[in-house]
Amino acid sequence: KQEVTQIPAALSVPEGENLVLNCSFTDSAIYNLQWFRQDPGKGLTSLLLIQSSQREQTSGRLNASLDKSSGRSTLYIAASQPGDSATYLCAVRDGGTKTSYDKVIFGPGTSLSVIP
Amino acid sequence: ETGVTQSPTHLIKTRGQQVTLRCSSQSGHNTVSWYQQALGQGPQFIFQYYREEENGRGNFPPRFSGLQFPNYSSELNVNALELDDSALYLCASSLAGLAGGRNEQFFGPGTRLTVL
């Protein structure tokens, strides 16, 4: 059974710091991994999606890496800003085929606060 | 291109009642997944609909049921509401079955259900 964990559960950093959020999953047979941002009481905003054949994806100040063999992904945020304050969730899509149903398993999230 | 929309935004019900939540998928998407997110936790997969049929189900009892319509919009129905059903209910749409497709899920803003 696939389980996804995220460390740390909460993080508080001063503005301008670079930071790393960690995600681990127990079964390496994933189809893809997605990082989301969630503001309080809101839905999920997709940040980056990494296919199982890829090693990393970048978007602006965000970089996500994937190491399937070790069951790990990291989300790197460069030059953090107060507007980055939110909960960050990683999610893995289980299974190995693009047509199997999209069972997506989420981690519990990391709550990030960037202090001005 | 319109995004994923959900209605209503908020809902208050009492124990034992029934509720219907609605989701309109993103234009061009054929798959809708539903998730339950309790406070402070990551979303939990309820089920997925693909081409109007349930295509996969998480660990939720039969009183959680759904429908998908020919225009790919979807409903989540919950019967005999319990206090623990209080949560944010998220739907996500994606395009499945396309060769080389990313199967990226796009989420709606959610419906906040409170059961008293």
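Each chain gets a letter, A, B and so on, in the order the sequences are listed, and its residues count up from 1.
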Checklist entry - Any ion pair linking B/K13 and B/D85 (charged N to carboxylate O, less than 4.0 Å)? => result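 So B/D85 does not pair with B/K13 through a salt bridge.
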Next on the checklist: For a 4.5 angstrom cut-off between non-hydrogen side-chain atoms, does B/F69 reach B/E75?
Outcome noted: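 A side-chain contact exists here, since the closest heavy-atom pair is under 4.5 Å.
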Next on the checklist: Between B/R63 and B/V78, is there a side-chain heavy-atom distance shorter than 4.5 Å?
Outcome noted: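 Yes - at least one pair of side-chain heavy atoms lies under 4.5 Å apart.
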Checklist entry - Any residues in residues 106-116 of chain B near chain A, with a heavy-atom distance under 4.5 Å, and which are they? => result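 B/F107, B/G108, B/P109, B/R112, listed by number.
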Checklist entry - Which one, B/G42, B/P43, B/G40, leads in non-hydrogen pairs under 4.5 Å with chain A? => result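 When all of B/G42, B/P43, B/G40 are compared, B/P43 has the most.
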Checklist entry - Do the side-chain N and O atoms of A/E56 and A/Y76 include a donor-acceptor pair separated by under 3.5 angstrom? => result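 No donor-acceptor contact under 3.5 Å links the two side chains.
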Checklist entry - When you check the side-chain N and O atoms of B/S33 and B/Q48, is any donor under 3.5 Å from an acceptor? => result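 Their side chains do contain a donor-acceptor pair, which is all the 3.5 Å distance test asks for.
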Next on the checklist: Can you tell me which portion of A/L44 sits under 4.5 Å from chain B's heavy atoms? Options are side chain, backbone, both or neither.
Outcome noted: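 Both backbone and side chain.
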Checklist entry - Measuring heavy-atom distances to chain B, does A/Q38 have an atom under 4.5 Å in its side chain, in its backbone, in both, or in neither? => result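 For A/Q38, the side chain is the part near chain B, not the backbone.
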Item to check | Main-chain N/O of B/A38 paired with B/Q44 side-chain donor or acceptor, under 3.5 Å | outcome: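 No.
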Checklist entry - With distance as the sole test, does A/Q54 use its side chain to make a donor-acceptor pair with the main-chain N or O of A/Q51 at under 3.5 Å? => result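 Between the backbone of A/Q51 and the side chain of A/Q54 there is a qualifying donor-acceptor contact (under 3.5 Å).
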